[in-house]
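Have a look at the structure below, then the notes.
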Amino acid sequence: MSYQTILTTLENNILTITINRPDKMNALNKTVIAELSTAIEEVYQNKDIKAAIITGSGTKAFVAGADISEFQNLTVEQAKQLAQVGQDLFFKIEKSPKPIVAAVNGFALGGGCELALACHFIYASENAKFGQPEVNLGLIPGYGGTQRLVSAIGKRKTMEWIMSAKLYSAADAEKAGLVNEVHTPEELLPRLTESLALILTKAPVAINYVIQAVNGYTGEKKGFDLEVELFGKCFGTKDKQEGTSAFLEKRKPNFTGE
Ligand code: COA
């Protein structure tokens with residue numbers, strides 16, 4: 001598949017999706033959103049793809065937000081539509097049955113921070129900067145930032161981050177619980193690939209159920225009930241049979257994802 005605004009490479013069952021508008025800080029215009037949506041659909045459908053990494057082209061930005069030049073002259077209804085299309089894509093990423101992770105290699109602002117938040121986890125380079133600067137433009141986040149940032153760093157920090165529009169370093173973001181690991185720019189992709197390679201040795205159906213169960217977190221009984229449901233479903237899979245048999249037979253499991 002060839003794209004205008006993203007690059008994709010498939011290696012060792014990991015699809016790397018690179019948003020490729022470095023002269024515009026990889027800002028998310030309508031074409032990027034549409035192409036990302038197609039690439040994520042490919043992650044869902046293609047059996048050779050077992051996980052994906054989303055990153056930005058160049059050394060300065062992951063994604064510096066939605067493309068502000070597309071905000072001129074939007075009506076209230078058109079703006080709602082724009083937010084809805086972005087949110088639909090980000091839900092598709094969050095609900096992917098296969099791991100989709102972010103390699104934040106520079107500015108992750110506005111929609112860029114929201115894109116990283118929709119991924120299952122985040123590794124960042126030392127030069128990364130996170131923030132939700134929409135109030136500088138007379139706006140609020142529209143791609144899920146007011147919701148997912150609360151789950152990531154809590155309500156009070158989210159209030160300050162969004163109201164102040166401040167930018168936060170990778171170290172700040174790691175301390176706040178937004179980022180899993182921080183590495184040098186050179187080490188970022190190798191370390192994230194290493195982490196995914198480990199995950200890809202595990203039972204694929206179980207990994208899918210982990211994503212569903214953790215996404216179902218509510219802090220209330222509903223989330224626990226979902227866990228019971230999915231734990232039970234594991235017992236109807238070949239992967240569970242293989243995993244438990246391999247343990248008892250003292251050999252490595254050979255999971256088929258069934
Ligand atoms: N939308 C559209 N274009 C953007 C953009 C965005 N979100 N972010 C950066 N760009 C463009 C700039 O307009 C500039 O284009 P030009 O060269 O044609 O003038 C180019 O990317 C380089 O950006 P520039 O501002 O010159 O780089 P910088 O290193 O001085 O600053 C940022 C980098 C990220 C701090 C700054 O670009 C910025 O604040 N961007 C907007 C962030 C934002 O508000 N995001 C939320 C959007 S809802």
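Just follow the structure's listing: the first ligand is 1, and inside any ligand the first atom is 1. Counting from 1, the numbers follow the sequence of the chain as shown.
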If we only count N/O pairs under 3.5 Å, is Ala64 in contact with ligand 1? yes

May I ask whether Leu36 and Val63 are part of the same hydrophobic cluster, defined by side-chain heavy atoms of I, L, V, M, F, W, Y residues being less than 4.5 angstrom apart, directly or through others? yes

Per-atom contact, atom 30 (O) of ligand 1, protein heavy atoms, under 4.0 angstrom: no

Any luck finding a side-chain donor-acceptor pair between Thr18 and Asn20 under 3.5 Å? no

Is there a path from Val101 to Phe90 through hydrophobic residues (I, L, V, M, F, W, Y) whose side chains come within less than 4.5 Å of each other? no

Measure the distance from atom 13 (O) of ligand 1 to every protein heavy atom, then report the residue, atom name and distance (to 0.1 Å) of the closest one. Lys24 NZ, 4.8 Å

Test item: Ile153 and Leu149 side chains (from C-beta on) under 4.5 Å apart, heavy atoms: yes

Suppose we call two aromatic rings close when their centres sit under 6.0 Å apart. Are Phe130 and Tyr168 close by that rule? no

Decide whether the shortest distance between a heavy atom of Asn136 and an atom of ligand 1 is less than 4.0 Å. no

Quick one: look up the protein heavy atom nearest atom 33 (C) of ligand 1 and list residue, atom name and how far away it is. Phe107 CE1, 3.8 Å

Does one side chain, of Thr256 or Glu258, offer a donor that lies under 3.5 Å from an acceptor on the other? yes

Less than 4.0 Å between atom 43 (C) of ligand 1 and some protein heavy atom, yes or no? yes

Determine if the distance from atom 25 (O) of ligand 1 to the closest protein heavy atom is below 4.0 Å. no

For atom 27 (O) of ligand 1, the protein heavy atom that lies nearest, with its residue and separation: Met25 CE, 3.4 Å

Atom 16 (P) of ligand 1 within contact range, any protein heavy atom under 4.0 Å: yes

Could you go step by step and tell me if Asn254 and Glu242 meet the side chain to side chain contact (heavy atoms under 4.5 Å, CB included) rule? CA-CA 7 Å; Asn254 179 21; Glu242 170 63 10; 3.6 Å; yes

Using a strict cut-off of less than 4.0 Å between a Lys/Arg side-chain nitrogen and an Asp/Glu carboxylate oxygen, indicate whether Asp67 and Lys30 qualify as a salt bridge. no

Compute whether any side-chain donor of one residue and acceptor of the other, for Thr237 and Asp239, lie under 3.5 angstrom apart. no

Let's go through Lys80 and Glu77 carefully: what are the C-alpha distance in whole Å and the side-chain angles of both, what is the deciding distance for salt bridge (charged side-chain N to carboxylate O under 4.0 Å, His left out) to 0.1 Å, and is it a yes or a no? CA-CA 5 Å; Lys80 281 166 76 171; Glu77 280 314 311; 3.7 Å; yes

Protein non-hydrogen atom below 4.0 angstrom of atom 38 (C) of ligand 1 present: no

Compute the minimum heavy-atom distance from Lys60 to ligand 1 and say whether it is under 4.0 Å. yes

Taking the minimum heavy-atom distance to atom 6 (C) of ligand 1, which of Ser69, Pro133, Ala66, Ala108 ranks first? Ala66

As an exercise, identify every atom of ligand 1 less than 4.0 angstrom from a heavy atom of Asp67. 1 (N), 2 (C)

Residue-ligand contact Asp23/ligand 1, heavy atom below 4.0 Å: yes

Ligand-residue contact atoms, ligand 1 with Leu109, heavy atoms, under 4.0 Å: 34 (C), 42 (C)

Please check this pair: side chain of Glu94 against backbone of Cys119, looking for a donor-acceptor N/O pair closer than 3.5 Å. no

Return yes when at least one protein heavy atom is under 4.0 Å from atom 2 (C) of ligand 1, and no when none is. yes

Purely on distance, is any nitrogen or oxygen of Ala27 under 3.5 Å from one on ligand 1? no

